[in-house]
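Encoded as structure tokens, the structure appears first; notes follow it.
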Amino acid sequence: MTDHPENRLKDSASPYLRSAAHQPIDWHEWGEAAFARAKSEDKPILLDIGAVWCHWCHVIDRESYENAEIAKIINEHFVAVKVDRDERPDVDSRYQSAISQLSGQGGWPLTGFLLSDGKPFWGGTYFPPEDQMGRPGFRRVLLAVADSYRNKRTELERAANSLADAVSQAEVFTGARADFDLGVVDAQIKSITQLFDIKNGGFGHAPKFPHSSAIDLILERYQQTKEKHLLAMAETTLEKMACGGVYDQLAGGFHRYSVEERWLVPHFEKMSYDNSELLKNYLHGWQVTQNPFLRETAEGIIDWVNEVLSDQENGGFYASQDADYSLDDDGDYFTWSLDELRSALLSDEARIMEVYYDVEAHGEMHHNPAKNVLWIARDATDIAKQLGLDETAVRLTIAKSKAKLLAARLPRPTPFIDKTMYVSWNAMFVSAYLDAARVLGGSLGSSSRTFALKTLDRLLKEVWSETRGFGHRIGGPGLEGSLDDQVFSVLALLDAYETTLDPRYFTAAQKTMDLAIARYGDAEGGGFFDRPSDAAPMGGLDVRRKPFQDSPTPSANSVAAIALIRMHAFTGDDRYHNFAKKTLEAFAGIVPQYGLFAATYGLAATLFAHHPLQVIITGDSNDPTAQALEAAAHRLYRFGKSVLRFSSDKGVFLNHLSGTLKETVPHLSADKPLAVVCSGQTCLPPTSDPEQLIALLKDAGHSIAAA
């Protein structure tokens with residue numbers, strides 16, 4: 001065994017890989033050096049894929065990779081490679097596909113055994129060090145795999161080649177193409193409705209994930225049809241999640257998912273990509289329902305992100321916050337015993353908060369039964385009745401006590417914050433913050449706008465190239481961008497252009513979209529690959545992959561279609577319309593089997609069929625009528641809607657408008673307060689009445705079709 005105090009991961013840019021620097025494993029990062037060594041020494045590769053926020057990744061680290069005897073077996077028989085799934089989603093996605101086909105399991109840690117060329121022949125997820133929990137022990141697995149590699153090589157090579165072929169076929173969705181048909185969205189809505197949990201909100205059974213795109217799809221369909229059950233599904237889900245333990249009741253922000261159906265007990269890690277998309281959900285839910293609880297939840301997400309998950313000075317959103325501060329706890333930072341709650345509050349405050357958060361002597365955490373997950377069990381009205389108190393006094397006590405509990409929590413050992421900044425996740429949050437600026441207004445809206453633009457400017461300055469588009473990470477050694485990095489950034493740039501009318505954002509959006517088509521697009525089959533055509537080879541699973549499923553982030557191909565549709569709405573360039581159509585057609589045949597997990601496709605298909613709504617507002621910036629029109633335009637949720645605040649600088653503005661808008665705008669006076677609603681090739685007559693504008697937007701599809 002190599003004897004060194006720290007292995008070669010000590011200099012990695014990834015905090016997950018650096019966390020393994022002390023292990024007695026001769027780890028390699030993913031790259032040619034590992035493959036070359038495996039070939040020269042004729043050894044199989046042990047591949048470990050995980051993440052810094054992943055609890056079971058740290059468990060297998062402690063139990064097996066820090067075990068001297070197991071490390072000796074690994075170093076003697078394998079070339080060990082460790083991968084951060086956030087840093088290398090391209091590697092993770094391919095091996096997840098392969099290992100799940102082999103074992104029926106996916107997730108993290110992902111443990112793969114590969115030939116020296118990188119083709120997998122066996123694997124699984126977490127293995128305990130010895131046989132237990134119905135799982136074979138890692139020690140036994142390692143020795144058996146090493147023996148098979150020596151004595152059954154031909155069989156392993158045959159299996160690996162067959163698996164690589166199967167993954168290649170599955171990932172490019174051969175035979176998935178079909179004509180575009182909006183009816184597929186009807187089938188999705190029906191499927192999502194059937195999966196709806198009437199009692200608890202959400203979709204399906206435990207474990208429960210938010211499915212943000214599905215919530216937006218339901219809200220958009222409700223805006224079109226006014227079917228009350230759709231609104232009930234969306235609002236119930238948003239309320240139940242926000243009341244549950246899956247939402248951090250003290251600091252704000254959502255944990256990754258709930259381990260049971262009621263949203264009460266979460267896996268406690270907090271991910272950037274979950275919170276950006278949920279922020280949009282709660283903003284859109286507030287727009288549709290005017291339910292103040294949904295607005296408060298959106299504001300809570302922003303407050304937590306501003307405090308914990310962002311670089312407020314320089315711009316940028318961090319990647320995640322861990323669930324645990326050590327392997328000996330499970331969400332202890334976020335949970336409370338009855339004694340802990342009572343020691344932080346006065347007795348009359350504790351009496352109310354015990355009922356409000358359902359804190360009892362025996363809580364929900366199996367590893368420590370005294371620990372309670374905080375969730376809203378009863379509202380202030382019920383508590384006032386139950387305890388014979390004034391309702392206003394109860395509300396004030398709850399607010400004051402939440403602040404006290406948060407202050408009491410802050411000195412606890414704090415779970416690690418991964419301050420890595422990934423471009424796609426930053427772009428998602430830029431869009432969410434610009435959405436917040438439009439919807440919330442006021443000081444929070446203004447500060448959200450400022451920070452979003454600061455972050456976007458940093459992305460453009462540090463990780464954007466005229467020839468390659470966006471990279472994958474801000475800071476550290478350069479990483480080639482993925483399709484996600486390009487298309488989420490296009491949406492963020494278009495959102496920034498709509499917010500500011502600064503043409504440099506539009507120019508960057510268009511250049512990035514064109515680069516995505518050229519470098520990632522499949523001109524023949526439609527759709528986009530996740531890696532550029534000129535990307536460096538990546539080992540035995542160097543298959544061209546078209547990401548389609550919404551997991552864990554919205555599908556990059558569906559997001560690409562949305563970006564193309566919005567770009568066409570601005571430019572009138574049929575290249576964008578045609579490539580959007582080809583992208584939607586590339587997956588149309590398999591959408592029904594994905595259902596809930598293709599909800600972003602449903603949003604793209606809806607936008608393609610109905611065209612993005614574009615609202616032009618004119619009038620002096622200080623004109624009350626113009627301000628009222630702008631507020632009205634932002635008040636209503638319609639997916640893909642643009643609100644363009646036009647005042648005096650027509651020249652720059654007109655350069656980025658499509659033919660229809662170019663014909664409409666010159667007839668408007670920049671100083672006269674008016675609103676014009678356009679969609680596709682048609683614009684409705686102007687209005688100066690905010691209520692009429694709302695009515696036009698509510699009925700936009702029907703009105704414009706008849707115009």
Side-chain angles (χ1 to χ4, degrees), residues 200-201 238-255 258-260 262-268 270 278 282 291-304 307-308 321 323-325 329-415:
N200 302 301
L238 292 171
E239 286 183 338
K240 292 288 188 179
M241 287 195 299
C243 286
V246 75
Y247 181 71
D248 184 344
Q249 297 295 333
L250 300 181
F254 280 87
H255 303 293
S258 174
V259 302
E260 43 73 68
R262 298 178 298 161
W263 303 106
L264 301 191
V265 182
H267 257 213
F268 288 94
K270 291 181 177 181
L278 283 164
Y282 281 90
N291 179 340
F293 182 51
L294 304 187
R295 179 181 176 125
E296 290 166 14
T297 306
E299 292 170 344
I301 295 172
I302 295 171
D303 288 342
W304 171 72
E307 182 68 27
V308 174
Q321 182 176 26
D324 317 310
Y325 63 83
D329 82 282
D330 184 5
D332 286 359
Y333 176 77
F334 300 101
T335 55
W336 294 77
S337 69
L338 185 59
D339 287 343
E340 286 172 335
L341 181 134
R342 288 176 174 174
S343 67
L345 302 173
L346 300 175
S347 59
D348 59 333
E349 295 169 338
R351 183 183 176 212
I352 289 172
M353 299 308 284
E354 287 168 31
V355 179
Y356 184 62
Y357 284 141
D358 190 35
V359 177
E360 299 178 343
H362 192 283
E364 296 87 1
M365 302 305 295
H366 296 299
H367 80 292
N368 185 350
K371 282 281 196 172
N372 291 259
V373 181
L374 302 187
W375 64 284
I376 300 175
R378 294 171 183 82
D379 64 18
T381 304
D382 290 339
I383 295 172
K385 290 179 181 177
Q386 180 180 335
L387 301 181
L389 300 171
D390 175 73
E391 184 176 333
T392 301
V394 170
R395 292 185 186 280
L396 290 171
T397 299
I398 290 171
K400 182 169 63 174
S401 299
K402 284 176 67 175
K404 281 189 173 183
L405 290 171
L406 180 59
R409 193 178 83 175
L410 289 175
R412 295 178 179 180
T414 306

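All residue numbers in this chain count up from 1 along the given sequence.
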Could you tell me whether the side chain of [Y] reaches within less than 4.5 Å of the side chain of [X], counting heavy atoms only?
X	Y	answer
Lys402	Ile398	yes
Arg342	Glu354	yes
Asp330	His366	no
Leu410	Tyr333	yes
Asp332	Met365	no
Gln386	Arg378	yes
Val373	Pro266	yes

Any donor and acceptor pair, going by atom type alone, linking the side chain of [X] with main-chain N or O of [Y] inside 3.5 Å?
X	Y	value
Glu307	Ala251	no
Asn372	Ala370	yes
Asp329	Tyr325	yes
Glu260	Leu264	yes
Trp263	Asn200	yes
Asp324	Gly331	yes

Cation-pi check, Lys270 onto Trp304 ring (under 6.0 Å, within 45° of axis): yes

Separation between [atom1] of [X] and [atom2] of [Y], rounded to the nearest 0.5 Å:
X	Y	atom1	atom2	answer
Thr335	Arg409	OG1	CZ	9.5 Å
Ile301	Glu296	CD1	CD	12.5 Å
Leu238	Leu294	CG	CG	5.5 Å
Met353	Leu345	CE	CG	7.0 Å
Gln249	Thr297	CD	OG1	8.0 Å
Leu374	Asp248	CG	CG	8.0 Å

If the threshold is 4.0 Å, N to carboxylate O, is there a salt bridge linking [X] and [Y]?
X	Y	answer
Glu340	Arg412	yes
Asp379	Arg395	no
Glu364	Lys371	no
Lys385	Glu391	no

Please name the pair of heavy atoms, one in [X] and one in [Y], separated by the smallest distance, quoted to 0.1 Å.
X	Y	value
Gln321	Phe334	OE1-CZ, 4.3 Å
Asp390	Ala393	OD2-N, 3.0 Å
Ala377	Val355	CB-O, 3.9 Å

side-chain contact (heavy atoms from CB on, under 4.5 Å) assessment of Leu387 paired with Ile352: CA-CA 8 Å; Leu387 301 181; Ile352 289 172; 4.0 Å; yes

Distance-only polar pair, side chains of Glu349 and Ser347, donor-acceptor under 3.5 Å: no

Tyr357: ring-ring contact (aromatic ring centres under 6.0 Å, His included) partners, not counting sequence neighbours: none

Derivation of the side-chain contact (heavy atoms from CB on, under 4.5 Å) call for Phe293 and Cys243: CA-CA 10 Å; Phe293 182 51; Cys243 286; 3.8 Å; yes

Check: Phe254 ring centre within less than 6.0 Å of Tyr282 ring centre: yes

